Amino acid sequence: MTEQTVDYQKTLNLPKTDFSMKADLVKKEPLIRQKWEKEDLYHQIIKKNKDKTKYILHDGPPYANGDVHVGTALNKILKDIVVKFKAMQGYYAPFVPGWDCHGLPIEHRVMNPVRSKSPEGTAVPTLSERTSNGVNQMSRWTSGKDATTSQIREECEKYARRYIEIQRRQFQSLGVLGEWHNPYLTLDPSYESAVIEVFSDLVKKGFIYRKLKPIHWCMHCETALAEAELEYADEKGPSVYVKFPIVDTTEMTQKLKTPNSALRTPHSFFIWTTTPWTLPANVAVAVHPDLEYAFVEYTNADTKRPEVLIFAEGLVEKVMKLLGINDYKVLFKLKGAKLENLQYEHPFIKRTCQVILADYVRLEDGTGVVHTAPGHGIEDYESGLKYNLPVLSPVDSKGRFTTEAQVFEGVRVWDADDKICQMLKDSGHLLLRQDMVHSYPHCWRCKKPVIFRSTEQWFISVDNHSARLKALEEVKKVRWVPEWGQSRISSMLEQRPDWCISRQRQWGVPIPVFYCTRCHEPLLDGKVIDFVKELFRKQGANSWFTKPTSELMPPDTKCNKCGGGEFTKEKDIFDVWFESGSSFRAVVIENNDLQFPADLYLEGTDQHRGWFQLSLLPSVMTRSEAPFKTVLTHGFVKTPEGDKISKSKGDLLLSDEMVSKVGADIIRLWIASIDFTDDIPVSMEILEEKADPYRKIRNTFRYMLGNLYDFSAEPSGSGGNPKTDLVKYSQLWEIDRWALNKLHRLIKDVTLYYDNFEFYRVFREIYEFCVVEMSAFYFDVLKDRLYTFAKDSPDRRVAQTALYEILTALVRIIAPILSFTAEEIWSHIRGINPKLEPSVHLSDFPEVDNSKIDQGLEERWQKILQVRSEVAREIEKLRKEDKIGSSIEADVKLYSDGAGVLEFLRTYEKDLPMLLKVSSIKVIEKKVSPVTGAIQMSVEITKSGHQKCQRCWNYTESVGKNPSHPALCSRCIAITDKY
RNA sequence: GGGCGUGUAGCUCAGUUGGUUAGAGCACACGCUUGAUAAGCGUGUGGUCGACAGUUCGAGUCUGUCCACGCCCA
């Protein structure tokens, strides 16, 4: 480089800015966040829109356990993007985050910290680890005897609050703004009280009832167990084949049109079971409607008479071999569906039972005819509901048969296996007994095998007052994004059974019901429940466990049945889904800042069955409308290979880990770049891939900021800056108007995409705008004007005005997504215009100026861009031959005869060198064929014969003509003379 | 096994009511530039549109079957 060129460089207006190329997000983000916190940005935003239309996104509460990971981060950031966008659009959009605090996982962690190791690798010590006095308090509790419910609940609350703190910090570090210092917690007294209020409403409207339902039961611990509390282990037990005789063969022969000989031969359904002790509760046998069932005739070894066994055809050979019967005959066979409703006699209890159909019948084991005892199994129970079968469960809490089991009264169920087998053998019903080892559930605490036992549970009747139909109607009024959410939730609603809301646990909201000590009648009374509601509002649900029963109800409460005045309180608590399903009341209605129904619920697709459905039902039942206007769902994160994320394999990225590696804005950009309605592949690599688009966007801003270092955008007039550099739109060059046309198209599209929650389209549009339209074309062309023109020349100010408009609009467009970076950019823009709002998040979303959108202009420039790329292609050919370097060295001849094309090229002939960054353009009329590109023309490139201007680098005729400035072109001489 | 989805270049996405050689950006390769410089620009390579049938003059686009994956159930 010669000294002379260095001098000329000083006469240029090269970009200047403190906005660094390197993002350093990991370091900068915490500083920006601190500033937001200090200035209470969230409440400033809220205050700004105080009287505007409300937009309520109601946060679904995450569980207060474990660290925030990529899945939870995805959800919260999506919410944050929506809320920030709405706030910038001028809506009053408060965001009240919530936490689900009750429930089994926390209770488990507290009760048995050793077993339930946190898979998230949590930094929080478990309770036993935290016990500092040397006494391992928790392990003592593990026995379940020493701790009172209140003590356990206290520990649970501590645990939940600890994780709420952790998650709060992690969400905040992702840039999510909200009511972080006043979130809603399902353990807040006000929340607990609202849950009771919903229950009270349901009771008053008659939705609540009580009935038997089988649950896992440990007869050693005398307690109910949840699925998560079971440990499966191999267990040796009986495997028995029993015949259930058909008494009235007349009915059968008529119905099935079997030969009349059947009337004389005893027929039996042939069942198999591994739990003979449940046979006293047998009320049906299930067959598969589509399977073939065989009528197998053989000779009874004892009676020496023919008998017929009915069971699945596919198992005949296998089973007869097991029985050791070689001489048998399949009389005929028919579909299981035909057997429906046939009756048989219980083998040892006086009871007539029936055949039912069930899809779960399989041919893997047994006979294809399934012993059904609705009191002792979930599938049996569900079938029982369909056929209206009685739920028999003649077993007490210690596992002893009750009087209902007749001769077996007082026998323990495990002992009953043998006794029942013996009895069946004696009566000739038992054809085979073997022992087999199979996987069987055991109590996680005492390790003893558990049973299914039916107990009284509380239910919400889904069909009362046609609630199911109403809910289905409401579903149609809701906007589901994506649309298939509607069919998904509808089919679930159509099929779902009544909702069992009682749980035999401790960490939750108690069900406010009392039992008369005299007649044991449950007291389900709206007034009494409302008393509890008020009590909870003041003192929380803990009071249920600390106060005597008499203080939990209005004085002088009497039993409705017997008039007794003494009661015991319910021990069960609510299903946690009932709690979170009550959030529409506890949060959206209770909080005056919010508004029912909420505008948006936004959760993963699993919540169609969960929170959405279980919020919809209580809301429809108590308020006759859906709690949400729009429901948006996202898919689940999965591995790059498309498989389910496995915590144990370490696939699950933690929020802290991501934030400290790539920064929150990269995570946010990644989230904005994907179609989240589908499954979402994720890995650290996939995240890191977003660093590049980020840099591109960042550099686009850097270019604009750099070229506005000497620009004042503070508007003039009315006390504004008189020295403003802003120029009127009418003075803009056509290319500037083209750029603004593109900008306003972008604003228009992006606004629509944000409104439709299509953030990946927002991202795409922004990105292509930055890379293709601005960086590759407009900014490139602009360099000459910005760098080489006189500093305050009108033409340069015109370009800067356009840049300023683009900059200030674009930064607001990205703000909901790149919240930190946008804020950083904003602080630099405030140097150009100090009148701007202190934070980008306090500014308004840019509005489309339709007067700046010009279809004709756009089409003309589309052609110019085509010419540009065809010329570039030709230049590239010469470059490959080493004949030319930079395009600015090229002299270009455009040949055309095309109708309109020639004319078009001539119109822009003067501007084309600048637009194509070449030395010169000559448009020449000439017949061209064949045409290679999209334009009816051909291109010829030669290297310019002119000299290069040392200042502006253009090759023009005038260079060297002026003896006092031999290295400059005439334009540059005129400019430098001013200095 | 059932319900609801998804499957277009290595990645993220476009592909209108079925119609000419399936597009874009990134990545990659090769260059240019060195006045956005740990930046910027250009050109190029790359796809049997999950598979197989079918409807049609013609299918990524419609129909069916299958495969893979996810969510929720069983």
Side-chain angles (χ1 to χ4, degrees), chain A residues 1 5-6 8-17 19-22 288 290 358-362 378-379 382 482-492 494-496 604-610 613 633-645 669-670 672-675 677-681 685-686 689-693 695-696 698-707 758 760-761 763-765 767-772 774-777 779-784 786-788 868-869 871-880 882 884-889 917 951-953:
Chain A
M1 226 183 246
T5 56
V6 172
Y8 287 131
Q9 199 167 18
K10 283 180 184 162
T11 69
L12 297 169
N13 317 301
L14 296 180
K16 227 186 278 179
T17 179
F19 182 69
S20 67
M21 185 178 288
K22 194 164 182 287
H288 196 289
D290 300 330
D359 290 334
Y360 53 77
V361 175
R362 293 275 170 276
I378 284 293
E379 283 182 333
E382 303 284 350
E483 282 176 24
W484 49 258
Q486 181 176 335
S487 42
R488 191 169 154 93
I489 194 167
S490 293
S491 69
M492 286 169 181
E494 280 159 13
Q495 290 165 24
R496 69 149 304 135
T605 57
D606 55 335
Q607 301 303 337
H608 281 115
R609 167 162 287 270
Q613 189 203 177
T633 52
H634 56 78
F636 274 65
V637 289
K638 56 181 188 177
T639 67
E641 291 72 41
D643 296 325
K644 189 188 167 99
I645 293 269
L669 191 65
W670 164 69
S673 74
I674 50 171
D675 178 359
T677 58
D678 198 358
D679 299 320
I680 303 147
E685 288 69 37
I686 289 175
E689 278 169 18
K690 285 292 169 288
D692 202 77
R695 268 195 293 273
K696 289 272 192 179
R698 188 178 175 90
N699 269 317
T700 302
F701 280 102
R702 191 171 127 90
Y703 176 91
M704 292 189 279
L705 287 169
N707 282 298
E758 296 173 299
Y760 68 97
R761 293 186 181 211
F763 165 77
R764 222 175 111 85
E765 291 262 328
Y767 190 48
E768 292 197 6
F769 178 79
C770 288
V771 173
V772 184
M774 294 300 113
S775 196
F777 181 56
F779 290 178
D780 214 31
V781 169
L782 229 45
K783 284 175 187 169
D784 186 55
L786 292 167
Y787 298 173
T788 71
R868 183 177 147 103
S869 74
V871 169
R873 204 171 297 134
E874 291 303 315
I875 293 174
E876 185 67 19
K877 281 182 192 162
L878 289 199
R879 206 177 271 145
K880 289 265 148 59
D882 259 343
I884 203 166
S886 167
S887 67
I888 198 73
E889 297 171 36
K917 299 199 83 172
R951 182 169 176 276
C952 71
W953 291 349

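These numbers come from a predicted model, not from an experiment. Order of the sequence lines fixes the chain letters, A, B, ..., with proteins taken first and strands second; residue numbering starts at 1 for each chain.
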At less than 3.5 Å, do the side-chain atoms of T17(A) and the base atoms of rA36(B) form a donor-acceptor pair?
no

Between N707(A) and F636(A), which has a closest nucleotide on RNA chain B that is more 5'?
N707(A)

E876(A) has an atom CD; how far is it from atom P of rU33(B), in whole Å?
11 Å

Can you name the residues that form a side-chain contact (heavy atoms from CB on, under 4.5 Å) with S869(A), not counting sequence neighbours?
R873(A)

Touch class at under 4.0 angstrom, heavy-atom based, for D606(A) against every strand present
sugar-phosphate

Please answer whether rG35(B) and Y787(A) are stacked, defined here as ring centres separated by less than 5.5 Å and planes angled under 30°.
no

Output all residues satisfying side chain to side chain donor-acceptor pair (under 3.5 Å) with K880(A), sequence neighbours left out; order by chain, then residue number.
E876(A)

Could you give the CG-to-C1' distance, from L878(A) to rC32(B), as a whole number of Å?
13 Å

Under the rule for side chain to side chain donor-acceptor pair (under 3.5 Å), what residues qualify as partners of R362(A), not counting sequence neighbours?
none

Going 5' to 3' through nucleotides 3-8 of chain B and flagging B where a protein heavy-atom sits under 4.0 Å of the base, S where only the sugar-phosphate is that close, and - otherwise, we get BBBS--

Take atom CD of E494(A) and atom C1' of rG2(B), then tell me their distance rounded to the nearest Å.
14 Å

Check every strand shown and say whether E379(A) touches a base, only sugar-phosphate, or nothing at a heavy-atom separation below 4.0 Å.
sugar-phosphate

Mind checking whether R868(A) and F777(A) have side chains closer than 4.5 Å, heavy atoms only?
yes

Collect all protein-nucleotide pairs involving nucleotides 61-65 of chain B in which both atoms are nitrogen or oxygen and the distance is under 3.5 Å.
none

Do Y767(A) and V772(A) touch side chain to side chain, with heavy atoms closer than 4.5 Å?
no

Any side-chain heavy atom of M704(A) within less than 4.5 Å of one from F701(A)?
yes

Report yes if a side-chain nitrogen or oxygen of K783(A) is closer than 4.0 Å to either non-bridging phosphate oxygen (OP1 or OP2) of rG40(B); otherwise report no.
no

I884(A) CD1 to rU43(B) C1', in whole Å, measures 14 Å

Among residues at least two apart in sequence or on other chains, which ones pass side-chain contact (heavy atoms from CB on, under 4.5 Å) with D675(A)?
T677(A), Y760(A)

Options rA27(B), rA39(B), rU43(B), nucleotide nearest the side-chain atoms of D692(A):
rA27(B)

Counterpart residues, side-chain contact (heavy atoms from CB on, under 4.5 Å), relative to T17(A) (two or more places apart):
F19(A), R702(A), L705(A), H828(A)

Roughly how far apart, to the nearest Å, are rG25(B) and rU17(B) at atom P?
25 Å

Does K644(A) put a side-chain nitrogen or oxygen below 4.0 Å from OP1 or OP2 of rC71(B)?
yes

Between K880(A) (NZ) and rC30(B) (C1'), how many Å, whole number?
5 Å

Any donor-acceptor N/O pair under 3.5 Å between rG35(B) base and Q9(A) side chain:
yes

Once side chain to side chain donor-acceptor pair (under 3.5 Å) is applied, do any residues pair with K696(A), and if so which ones, sequence neighbours excluded?
none

Mind checking G885(A) for me? I need base, sugar-phosphate or nothing, with any heavy atom below 4.0 Å counting as a touch.
sugar-phosphate

Can you tell me the distance, in whole Å, between the CZ atom of R879(A) and the P atom of rA29(B)?
19 Å

Separation of W670(A) atom CH2 from rC26(B) atom C1', in whole Å?
18 Å

Sequence-distant partners of I884(A), side-chain contact (heavy atoms from CB on, under 4.5 Å), two or more places apart
I875(A), L878(A), R879(A), E889(A), A890(A), I941(A)

What's the CZ-P distance between R695(A) and rA39(B), to the nearest Å?
6 Å

Under the rule for side chain to side chain donor-acceptor pair (under 3.5 Å), what residues qualify as partners of Q613(A), not counting sequence neighbours?
R496(A)

Reading nucleotides 9-17 of chain B from the 5' end, what letters show protein touch, with B for base, S for backbone sugar-phosphate only, - for no heavy atom under 4.0 Å?
--SSBS---

NA contact type, Y703(A), heavy-atom cut-off 4.0 Å: base, sugar-phosphate, or nothing?
base

All stems that RNA chain B takes part in, i.e. 3 or more consecutive Watson-Crick or G-U pairs with distances under 3.5 Å, are B:1-7 with B:67-73, B:10-13 with B:23-26, B:28-32 with B:40-44, B:50-54 with B:62-66

